[in-house]
Each structure stands twice: as structure tokens, then as C-alpha cells.
Amino acid sequence: MQKIINRKCQGCNGVFPREKLIKITLSGGTLHINPTSKILGRSMYLCPDIKCIKTAIKKKRIYSALKFKNFDEISSLEKELLNPFGKLNV
Ligand SMILES: [Zn+2]
């Protein structure tokens, strides 16, 4: 039996199996959407739900979870997360 690892969504604060969440990793001064966990670094998780993404952005959770202060980079990640034609199918 595979062990289920739970992680907290930074949007709704709900706890879910890790593979159900979007992983965002800070590596080399840039934020990456990291679905395969190939990128190593400090990470946070979000539900693949527009409400959680918007809450996390509004409450500056990307900044507080990752202690990352490059707001240009955060806003470009936000655009990527909210872009319906991007990597994320919400
Ligand atoms: Zn959530």
C-alpha cells in the first residue's frame, strides 16, 4: 500500500493528499509550478481550484509560505496559475 502524504493548501487551509494539489517550488530565485517534484527547493501547495489560487494571492500566501519577496516573480506566477490556457487546467 502506498503511503498517502498530506499537505495543506495555502488557499483554503484544507489538508489533502499531496498528489491532488499544485506544488509550487522556489528554486534559484524563481517560482516554478512543479507537478513532478523534479525541482528541489522550498515548496508550497494549492488546490487546483480558482478560489484557492485567488485566496492565496489575495492573502499574500505565496510570499508568507515561501518567504519570497520578489513580487514581480510572484505576479508572473499568479498569471501563470490563473491562465486557463497555461499549465494548469482548472
Ligand atoms: Zn484549497
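Order of appearance sets the numbers: ligands from 1, and atoms from 1 within every ligand. For clarity, every value in this text was computed on a predicted model and none was experimentally measured.
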Full working for side-chain contact (heavy atoms from CB on, under 4.5 Å) between Ile53 and Asp49: CA-CA 6 Å; Ile53 294 166; Asp49 184 320; over 6 Å; no

Could you report the tightest heavy-atom contact between [X] and [Y], atom names first, then the distance?
| X | Y | value |
| --- | --- | --- |
| Lys38 | Asn34 | N-OD1, 3.3 Å |
| Arg61 | Gly11 | NH1-O, 3.5 Å |
| Ser27 | His32 | O-NE2, 3.4 Å |

Chi angles and distances behind the side-chain contact (heavy atoms from CB on, under 4.5 Å) call for Asn70, Leu31: CA-CA 10 Å; Asn70 184 338; Leu31 296 167; over 6 Å; no

Aromatic centroids of Phe71 and Tyr63 separated by under 6.0 Å: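 Ring centroids of Tyr63 and Phe71 are less than 6.0 Å from each other.
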
Atoms (protein N, O or S; no water) under 2.8 Å from the Zn ion (ligand 1):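 Of the protein's nitrogen, oxygen and sulfur atoms, 4 lie under 2.8 Å from the Zn ion (ligand 1).
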
